[in-house]
Asks: 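Just passing along the structure, written as C-alpha cells.
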Amino acid sequence: VPLYRIFCQVTGFGGTPTRGERAMSGVSERSITVRFNADTAPGLPWDFRTPATSMRVQLGANNLAAFTAENTSDAPILGMATYNVTPHAMGRYFTKIQCFCFEQQWLKPHERVNMPVSFIIDPAMLDDPETRNLQEVTL
C-alpha cells in the first residue's frame with residue numbers, strides 16, 4: 001500500500017493529486033472551477049465540511065482552501081483522509097503543496113479544527129487533449 005500510494009501521488013494515477021514542494025512559475029489567464037467534496041467513513045463520528053461548494057482558480061496560481069472537522073464523540077479519534085480528483089485524468093495536473101491529508105489527524109472529544117489545503121492546477125493541462133477543455137474538477 002505505501003508504494004502504491006507513492007506511485008499514485010507521483011503520477012496522478014487514479015485521480016490522485018500529485019504532491020509538490022513549491023509553487024509553479026507562471027500563472028495562466030485561464031481559470032477552472034474546483035468543486036469540493038467531503039465525506040466521512042460510515043461510523044466515524046466526525047462532522048467534516050468543505051470550505052465552500054466550489055471556487056474559481058487560475059491555472060498555475062497557488063490556492064488555499066480550509067476544510068473543517070469536528071469530533072462529535074466523547075472520545076479522542078484518529079482519522080486519515082483519502083483523496084482524489086475527478087475526472088481522474090486531472091490527477092497529474094492537480095498538485096497539493098500542503099494538505100491535512102498528508103498526515104493522520106487526532107481530534108480530541110468535541111474538538112473542531114480548520115484543515116488547510118494549498119494547491120495548484122498545472123497549466124500543462126491545456127496541452128493534454130484529455131483535459132484541455134475541462135471547465136471543472138472535483139477534489
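This one's a predicted model, so the numbers in the text were calculated from it and none came from an experiment.
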Asks: If you look at every heavy atom in Asn63 and Ala61, which pair is closest and at what distance?
Replies: ND2-O, 2.8 Å

Asks: Measuring only between side-chain heavy atoms, which start at C-beta, is Met80 closer than 4.5 Å to Gln105?
Replies: no

Asks: Show, in sequence, the C-alpha distance, side-chain angles and deciding distance for Ile97 and Phe119, and conclude whether the side chain to side chain contact (heavy atoms under 4.5 Å, CB included) test is met.
Replies: CA-CA 5 Å; Ile97 305 300; Phe119 66 92; 6.0 Å; no

Asks: How long is the straight-line distance from CG of Leu44 back to CG of Asn71, given to the nearest 0.5 Å?
Replies: 8.0 Å

Asks: Can you tell if the side chain of Met90 reaches within under 4.5 Å of the side chain of Ile121, non-hydrogen atoms only?
Replies: yes

Asks: Roughly how far, to the nearest 0.5 Å, is CG of Leu139 from CG of Asn37?
Replies: 8.5 Å

Asks: Hey, what do you get for OG1 (Thr40) to CZ (Phe48), rounding to the nearest 0.5 Å?
Replies: 9.0 Å

Asks: Can you confirm whether the side chains of Asn62 and Ser118 place a donor and an acceptor under 3.5 Å from each other?
Replies: yes

Asks: Does any non-hydrogen side-chain atom of Val113 lie less than 4.5 Å from one of Phe100?
Replies: no

Asks: Could you tell me the separation between the CG atom of Leu126 and the CG atom of Asp128, rounded to the nearest 0.5 Å?
Replies: 9.5 Å

Asks: Side-chain contact test, heavy atoms from C-beta onward, threshold under 4.5 Å: evaluate it for Pro116 versus Leu64 and give yes or no.
Replies: yes

Asks: Measuring from Asp127:CG to Arg132:CZ, what's the distance to the nearest 0.5 Å?
Replies: 7.5 Å

Asks: Got Val34 and Ser54 here, is their nearest side-chain heavy-atom distance under 4.5 Å?
Replies: no

Asks: Keeping Arg56 on the side-chain end and Ser31 on the backbone end, is there a donor-acceptor pair under 3.5 Å?
Replies: yes

Asks: Determine yes or no for a side-chain-to-main-chain donor-acceptor pair under 3.5 angstrom, with Thr86 supplying the side chain and His88 the backbone.
Replies: no

Asks: Should Asp122 and Arg92 be marked as a salt bridge (charged side-chain N to carboxylate O under 4.0 Å, His left out) after you check the CA-CA gap, both sets of side-chain angles, and the distance that decides it?
Replies: CA-CA 8 Å; Asp122 191 340; Arg92 67 182 148 261; over 6 Å; no

Asks: To the nearest 0.5 Å, what is the distance between CD on Gln58 and CD1 on Ile120?
Replies: 12.5 Å

Asks: Taking C-beta and beyond as the side chain, do Leu134 and Pro87 meet within less than 4.5 Å on heavy atoms?
Replies: yes

Asks: Where do Pro45 and Ser73 come nearest, in terms of heavy atoms and distance?
Replies: CG-CB, 3.8 Å

Asks: Using distance alone, with no hydrogens and no angle criterion, decide if Arg49 and Thr68 have a side-chain donor and acceptor under 3.5 Å apart.
Replies: no

Asks: Measuring only between side-chain heavy atoms, which start at C-beta, is His110 closer than 4.5 Å to Asp74?
Replies: yes

Asks: Which heavy atom of Leu107 sits nearest to which heavy atom of Ala69, and what is that distance?
Replies: CD1-CB, 4.0 Å

Asks: Find out whether Val117 and Phe67 are in side-chain contact, i.e. whether some heavy atom of one side chain is under 4.5 Å from a heavy atom of the other.
Replies: yes

Asks: Given the rule in the side chain to side chain contact (heavy atoms under 4.5 Å, CB included) test, do Thr131 and Tyr93 qualify, once you have shown the distances and angles that lead to the verdict?
Replies: CA-CA 9 Å; Thr131 58; Tyr93 303 112; 3.6 Å; yes

